[in-house]
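Take a look at the structure set out below.
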Amino acid sequence: MLETHDPQSLQKQFSQGHIFAYPTEAVFGLGCDPDNEVAVMSLLALKKRPLSKGLILVAANYGQILPYVDDRAITEKIRIDIFSSWPGPHTWLLPASILAPHWLTGGSDLIAVRVSNHPVVKELCELFQKPLVSTSANLSGMPAAKTTQEVLAQFGNQVTLISGELGESLLPSMIRHGVSGKVIRDN
């Protein structure tokens, strides 16, 4: 997975606000440190994506996203649905904690989160010991990159490219509302 990269170098780049392109279950994603406002704003500018749309956090486990989520506000029924869908390509809009930065939520009282089963995503999140911002690797309005060549064609050396195979999902993650359970985006 990450064996072609020096872990210390990746950690340094992450702490310095670099943007990473990495394979996910269906497409390449762009990500950075979710707590680094400058990095997140750079990612949004690179993609030409408005802040108001919010961003997804992807993690190796639920514990990594707990600081960003108001866990007490999740009902038992929804909690069962969430944990039966993870790890995998299922994003949930959950009540945001008071610690969740506005640059992640887009000003909403919800935050989009996902626990991935993709080995590269899990390895990155474990290396950084926190979740990553995760948004499709494409300029807004363009198709999401599905190969390293497509990532390089759109972003060149503006991102740190992590090679790897995509997962078996054909479409980006399903998004469900974590209060109502309603499907927002079907996959």
Quick check: closest heavy atoms across [X] and [Y], and the distance to 0.1 Å?
X	Y	result
Gly17	Ala39	O-CB, 3.5 Å
Ser15	Asn36	O-ND2, 4.2 Å
Ala112	Leu93	CB-CD2, 3.6 Å
Pro143	Asn138	O-CB, 3.2 Å
Gly178	Trp92	CA-CE3, 3.8 Å
Thr148	Ser163	CG2-OG, 4.1 Å

So, do [X] and [Y] sit near enough that their side-chain heavy atoms are less than 4.5 Å apart?
X	Y	value
Leu44	Leu55	yes
Gln158	Ile19	no
Val179	Ile78	no
Trp103	Leu43	no
Ile162	Phe28	no
Val120	Glu165	no

Partner residues of Phe128 under the ring-ring contact (aromatic ring centres under 6.0 Å, His included) criterion, sequence neighbours left out: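 If we apply the ring-ring contact (aromatic ring centres under 6.0 Å, His included) test to Phe128, skipping adjacent residues, the hits are Phe14, Phe20.
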Test Gln154 against every option in Leu46, Leu139, Val159 by the side chain to side chain contact (heavy atoms under 4.5 Å, CB included) rule and name the one that passes.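 Going through Leu46, Leu139, Val159 one by one, the side chain to side chain contact (heavy atoms under 4.5 Å, CB included) with Gln154 is satisfied by Leu139 alone.
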Any chain of hydrophobic side-chain contacts (each under 4.5 Å) joining [X] to [Y]?
X	Y	answer
Val115	Ile111	yes
Ile74	Trp86	yes
Leu104	Leu51	yes
Leu57	Ile175	no
Leu66	Leu99	no

Can you pull out every side chain to side chain donor-acceptor pair (under 3.5 Å) where at least one residue sits in residues 48-64? Sequence neighbours excluded, please. Tyr62-Asp71
Sort out for me which residue in Lys12, Gln13, Gln11 forms a side-chain hydrogen bond (donor to acceptor under 3.5 Å, both in side chains) with Ser9.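 Among Lys12, Gln13, Gln11, the one that satisfies the side-chain hydrogen bond (donor to acceptor under 3.5 Å, both in side chains) with Ser9 is Gln13.
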For [X], check side chain to side chain donor-acceptor pair (under 3.5 Å) against everything at least two apart and list the hits.
X	result
Ser134	Tyr22
Asp109	none
Ser84	none

Output the distance between atom [atom1] ([X]) and atom [atom2] ([Y]), rounded to the nearest 0.5 Å.
X	Y	atom1	atom2	result
Lys182	Arg176	NZ	CZ	12.5 Å
Thr24	Leu124	OG1	CG	11.5 Å
Glu168	His118	CD	NE2	10.0 Å
Leu132	Leu30	CG	CG	11.0 Å
Met41	Cys32	CE	SG	10.5 Å
Arg114	Ser85	CZ	OG	10.5 Å

Stepwise side chain to side chain contact (heavy atoms under 4.5 Å, CB included) test for Leu10 and Leu127: CA-CA 9 Å; Leu10 290 177; Leu127 176 66; 3.9 Å; yes
Test side chain to side chain contact (heavy atoms under 4.5 Å, CB included) on Ile82 and Leu94 and set out the steps. CA-CA 10 Å; Ile82 292 168; Leu94 299 180; 3.4 Å; yes
With side chain to side chain contact (heavy atoms under 4.5 Å, CB included) as the criterion, how do His102 and Glu37 come out once you've worked through the C-alpha distance, each side chain's angles and the decisive distance to 0.1 Å? CA-CA 9 Å; His102 69 90; Glu37 183 177 8; 4.0 Å; yes
Any pair counted as ring-ring contact (aromatic ring centres under 6.0 Å, His included), so long as it reaches residues 40-60, sequence neighbours left out: none
Between Ser97 and Pro67, is there a donor-acceptor pair closer than 3.5 Å when you use the side chain of the first and the backbone of the second?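 Yes; at least one donor-acceptor contact below 3.5 Å.
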